[in-house]
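Take a look at the structure set out below.
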Amino acid sequence: MKALVILVSCLCLCLAEKVRYDGHKVLRLVPVTEDQIETLHIWHNEAHKRGLIFWGEPGLLNQAVDVQFPPEKFAAYRTRLNNLGFQPIVLFDNVQSELDNQEAARVTRQQQTPTLNFFTDYRTAAEIFQWLDQTAANCPAGATCTVTNIGTSWEGRELKVFRISNGPNKRAIWIDSLIHAREWISGATNLYFIDQLVNNYNNAANRAMVDAYDWVFMPIINIDGYQYTFDTDRMWRRTRSDRGDILGCVGCDANRNFDFQWMTIGASDDPCSNTYAGVAPNSEPEVDAVRAYIMQNPSYYGAFITMHSYSQLFLLPYGYTVDFPQDYDEMMRVANLSTNALFNVHGTTYRFDSASVILYPSSGTSRDWAKGVPQIKYVYTFELRDTGNYGFILPPEQIIPSGQETWEAVKRIAQEITFP
Ligand SMILES: [Zn+2]
């Protein structure tokens, strides 16, 4: 029966039209009054019903929120924004034309030079898995590279982890990405790290990284959602678990689904919300696979880095409380050095602090869970490029610069962290 359901939904998926965003505008809204912020919270809570797509979540006063408006509702919202005293900045006048431009550029690139560098474009899940296998096969002498299937997604896809090690008895650094499907730069940047460690192993600085730690990567956590961003809807964030919601809403926010302070704050119980926490903690097979894999050996992990986009931030736990976790000062010390190392590459600035201080409250995130349950000493969320010029649709020309600068940041973390 389940196979039939998957087959039928696959057929529907293949026949489904791609979602288009013709005439959709993205505005940056900076709330400076209580009235304004309250309105943003209401719109965020009712986003599905209102046809709005939030590119971020409303947080504190003076904190920008980028919101996508459909053309048929734009005039009414513009009036409402004016009446509320907002002074919006237009980030995109037409989301679809940017998507079309990038797709046209991609096709041209592939026609002109079919054997391109892997990092000149964003890659599909199939391309990424093929690359992981090929990279593991090129493992440098003296090191061991493995690709492990740690579970199966809701729609039946493999959940893969890549690991490199060159000796026993080391702690590991975990780096994951694409728990949010539309944050493509997170996956591409993560793969750049693997490329450095494996394909550029002879570089002394990279080699020193593998001498000091094992490295465990999970490039695509939310693989169903990621596939969906290629096939159907570029702006999709959530998983694809279909539990027969009455309004037809599918999936939840996997980064609200972890079993630590689940649904306490900054998460929604509305199945249509982009921050829907799911029917229960760990309800998503992708989340449960990560949990089970790490809990096999929690003390193995010295650092846990989870990569998102966008806004150029290093976030520390916690998101669910303004109280600071154990090792907060030490995590801040390392974050300071790490963001400096990042800045020195291309002059890109990242701010850093605990998520609840710098961003907005959130609970059930992998970051809070990594600190709260396996109690990993160093835990960071990277919110990668940019600060809103392109947001989620960051052009692929920025993959390599993003990889270069964040790799310096990650190396600095690995150099600085210490254990009793
Ligand atoms: Zn994210």
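Both counts, for ligands and for their atoms, begin at 1 and track the order of listing. We use all heavy atoms of the structure for the numbers below, so side chains are in, but hydrogens, waters and symmetry mates are not. The chain is numbered in sequence order, starting from 1.
For the Zn ion (ligand 1), the count of nearby protein N, O or S atoms, meaning those under 2.8 Å away, is 4.
By the 6.0 Å and 45° rule, Lys25 does not stack over the aromatic ring of Phe92.
Under 3.5 Å, the side chains of Arg367 and Tyr318 contain no donor-acceptor pair of N or O atoms. Side-chain contact annotation: Ser363 with Trp262, donor-acceptor N/O pair under 3.5 Å absent. Using modelled atom types, one finds a donor on one side chain and an acceptor on the other under 3.5 Å when comparing Glu183 with His180.
Using a 4.0 Å cut-off between a side-chain N of Lys or Arg and a carboxylate O of Asp or Glu, Arg28 and Asp66 qualify as a salt bridge.
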Without placing hydrogens or testing angles, list every side-chain donor-acceptor pair under 3.5 Å for residues 279-295, not counting sequence neighbours.
residue : atom : partner : partner atom : Å
Ser283  : OG   : Asn257  : ND2          : 3.0
Ser283  : OG   : Ala280  : O            : 3.1
Glu284  : OE1  : Thr239  : OG1          : 2.8
Glu284  : OE1  : Ser241  : OG           : 2.6
Glu284  : OE2  : Arg243  : NH1          : 3.0
Glu286  : OE2  : Trp154  : N            : 3.0
Asp288  : OD1  : Arg291  : NE           : 2.8
Asp288  : OD1  : Arg291  : NH2          : 3.1

